[in-house]
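Have a look at the structure below, then the notes.
Here the structure is a predicted model, which means the values were calculated and not measured.
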Number of protein chains: 2
Amino acid sequence: MVEEARGSAGEPTLADVARRAGVSVATASRALSVRGPASASARHRVAEAARDLGYAPNPVARALATRSGTRIAVAVGGHTAHVLNDPYAARVTAATATTAAAHGVGASLHWLPLHDPAELGRLAENRDIGGIIVVNPTPAALAAVPRRARARIASIGIGTRDIPSFDVDNATGTRRVVEHLLATGRRRIAMITGPSWLPCTDRALTAYRRALADAGAPPRLAAGDFTAATGESAAAEIMTRWPDTDAIFALGDLSALGALTALRRTGVDVPGDVAVAGFDDIAYATLSRPGLTTTTNPVEAITTGAATAVLDRRPGPPQTFYPSTLVLRAST
Amino acid sequence: MVEEARGSAGEPTLADVARRAGVSVATASRALSVRGPASASARHRVAEAARDLGYAPNPVARALATRSGTRIAVAVGGHTAHVLNDPYAARVTAATATTAAAHGVGASLHWLPLHDPAELGRLAENRDIGGIIVVNPTPAALAAVPRRARARIASIGIGTRDIPSFDVDNATGTRRVVEHLLATGRRRIAMITGPSWLPCTDRALTAYRRALADAGAPPRLAAGDFTAATGESAAAEIMTRWPDTDAIFALGDLSALGALTALRRTGVDVPGDVAVAGFDDIAYATLSRPGLTTTTNPVEAITTGAATAVLDRRPGPPQTFYPSTLVLRAST
DNA sequence: ATGAAAGCGCTAACAG
DNA sequence: CTGTTAGCGCTTTCAT
């Protein structure tokens, strides 16, 4: 049974804890925050009093006193504000909001216009923002962040020396997909890329080029932007330009599904004539006909890592890559 | 060019504005918040000073002073914590986080265990939570919220007298789908329902029953839970139990897509033998073969409405229904 | 190691 | 209508 410490209603405050422990609020504060100096006995009594009272620190008061901000901003790069409705951005936001909840803070979602790199810097200056998770940033946007604000940012995408990056290991993921295609006898393997402005897709592109070079096959590239629509047109373009193509790898499942649509329309059999593989393993990859071979993108784990790093302010490695797992289905 | 008001760095505070306008901070506060009493001239000078200084109120300080909380919690009902990774919950969270950003606050995401209805009440008591958007609540959960906390809650799903509800008009949506099926000659129309514990699906169920009764046709029901897997098994069950079924309407596109899979596997032609329709108009509805006839669910608009109501504390109607639009594709 | 006191920036009584 | 005075709950110098 939780005892009431104050005459009136309301949650117990640090003052209640201090009173019950027989110390000052200052000591109670220091004892509770592991950092400050405090005697073992004080620590013990304060901890006990806090437990008895069911005390939970007020994040708002703490944020005001430390100017640490009370929310973590998710900033998503893109050409239009439409990125705010993007399923990928939604997954990142939900995972951030879950991690944030455990820290007593919230998450807010912002569009980072590609044409205005300074916007990220402005967000970083905001007093009530405690940290930022930037999704799909450009080098220009990262460069616009003032030095002193960089400690509070983590990137899902490319990073810098002082802005840590958390991302799927799309190089290895891509390599495994291409190797799987090669192992199943494909040799004329085309790739539908991601948006050209998105630097973190370069790693996948390089991996594709290298894997093909190792096998002595020339690259066949068509530009995509992760959407089904461009996947469709890119696949059509590929089959026109290189009619003997026997496999298409799309960076992004939606584009791969678009490619599937284009191939079906022109009477190309999948996987008989052409194998198709994607990237991300979205829910629909298992529902399409044929089921889509793809490689996973652990977005929730990546986001949790980035959010935790920002919230705990703990310095970590400049780059953290999360493994991507190949998922074989009927399309290859 | 923005002038610096303080000697040191840092954003301008209300004190800076007051000083520049030649009034006290109290007056400045009242002038800025439209509510309090203030003379027109004071209002004007304060507004001007604020503009000159580029002043933006500090939401954290305001939240501390008014105990209004600094984040809005999205609480999603479900059997397991897995709901935190649900695409629907993610959309709601992202839309909430977008609306919250405009108010200088954040959003946090929480699981509301079905077996512990009191959890919603606990969330509502939380000091640093300014408002709650509860998704898919049960009557028991809503009943567990203390009276005084109800003004800060909006529901996406069922509501109560004092907890406003924002939801898609699934009754009209369902009726339109069934009427469309009837109009295209279907008479033996089955329905795959949502989870039985989810009360807001009752409206759709009733609409289905009524539309069928009006046409003199008996209902054919199979239980689903919005997933593709149960859609698949429910469709199989339907075709076994009522082999002459000529249409299946699933409450939820994923279930409809699952039904599509089940029918294809057993050699049933869609839409030749059986028409299939869903609900929600998710992205995959346009990607499947055949494309899925469905009716829209404007989740972002609904969420924005709910979030705005909570953040502005403005009393509104107990129920707000958002229209659902029929989208015809090849599956019917 | 500890306590007293001064804020963090804003709002809300309470007089005038 | 306006200024003065207290807080909101916590952190953080600065003495002791």
Side-chain angles (χ1 to χ4, degrees), chain A residues 5-6 8-46 49-50 53-70 103-105 126-130 313, chain B residues 5-6 8-46 49-50 53-70 103-105 126-130 313:
Chain A
R6 327 179 79 186
S8 60
E11 306 254 295
T13 80
L14 188 57
D16 298 321
V17 174
R19 198 172 309 124
R20 181 177 241 262
V23 298
S24 71
V25 286
T27 299
S29 172
R30 285 184 285 245
L32 252 19
S33 70
V34 194
R35 305 185 51 75
S39 67
S41 78
R43 282 216 139 73
H44 183 71
R45 280 151 62 210
V46 169
L53 259 28
Y55 168 76
N58 183 332
V60 181
R62 192 203 297 265
L64 180 61
T66 61
R67 312 166 198 60
S68 62
T70 187
H103 290 248
V105 301
N126 201 320
R127 290 205 306 299
D128 57 317
I129 288 181
R313 294 260 198 298
Chain B
R6 324 180 80 188
S8 59
E11 304 255 293
T13 81
L14 187 56
D16 298 320
V17 175
R19 198 172 308 125
R20 182 176 239 263
V23 299
S24 70
V25 287
T27 300
S29 172
R30 286 183 286 244
L32 254 18
S33 72
V34 194
R35 304 187 51 77
S39 67
S41 77
R43 280 217 142 72
H44 184 71
R45 280 153 57 212
V46 170
L53 259 29
Y55 168 77
N58 183 333
V60 181
R62 191 202 297 264
L64 179 61
T66 60
R67 316 168 193 58
S68 62
T70 187
H103 290 250
V105 301
N126 200 320
R127 284 196 153 299
D128 57 317
I129 287 181
R313 293 263 197 298

Nearest whole angstrom, please: distance from the [atom2] of [N] to the [atom1] of [X].
X: N58(A); N: dG7(D); atom1: CG; atom2: P; result: 18 Å
X: R127(A); N: dC8(C); atom1: CZ; atom2: P; result: 12 Å
X: E11(B); N: dC10(C); atom1: CD; atom2: P; result: 10 Å
X: L14(A); N: dT12(D); atom1: CG; atom2: P; result: 12 Å
X: D128(A); N: dC8(C); atom1: CG; atom2: C1'; result: 14 Å
X: Y55(A); N: dG9(D); atom1: OH; atom2: P; result: 10 Å
X: R62(A); N: dC10(D); atom1: CZ; atom2: P; result: 8 Å

Gap separating the [atom1] atom of [X] from the [atom2] atom of [Y], nearest 0.5 angstrom:
X: S68(A); Y: I129(A); atom1: OG; atom2: CD1; value: 12.5 Å
X: D128(A); Y: N58(B); atom1: CG; atom2: CG; value: 6.0 Å
X: D16(B); Y: E11(B); atom1: CG; atom2: CD; value: 10.5 Å
X: R62(A); Y: L32(A); atom1: CZ; atom2: CG; value: 8.0 Å
X: L64(B); Y: R127(B); atom1: CG; atom2: CZ; value: 10.0 Å

Query - Side-chain (S29(B)) to main-chain (V25(B)) donor-acceptor, under 3.5 angstrom - result: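 A pair under 3.5 Å: no.
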
Would you say the side-chain atoms of R45(B) pair up with the backbone N or O of R43(B), donor to acceptor, closer than 3.5 Å?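 No; zero donor-acceptor contacts below 3.5 Å.
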
(message) Let me spell it out: for each of L32(A) and A42(B), pick the nucleotide of DNA chain D with the closest heavy atom. Which residue's pick is nearer the 5' end?
(response)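 Final value for this comparison: A42(B).
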
Would you kindly compare S33(A) and S24(B) by the position of their nearest DNA chain D nucleotide and give the one closer to the 5′ end?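 Result of the comparison: S24(B).
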
* Give the nucleotide from the list dC10(C), dG9(C), dC1(D) with an atom nearest to the side chain of S39(B). =>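 Of the options given, the side chain of S39(B) lies nearest dC1(D).
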
Contact class for V60(A) (heavy atom, under 4.0 Å): base, sugar-phosphate, or nothing?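 No contact.
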
| query | Just to confirm, is there a sub-4.0 Å distance from OP1 or OP2 of dG9(C) to any side-chain nitrogen or oxygen of T13(B)? | reply |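 For dG9(C), neither OP1 nor OP2 has a side-chain N or O of T13(B) closer than 4.0 Å.
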
Find every protein N or O atom lying less than 3.5 Å from an N or O atom of nucleotides 12-15 of chain C, and list the pairs.
residue: dA13(C); atom: N6; partner: R30(B); partner atom: NH1; Å: 3.3

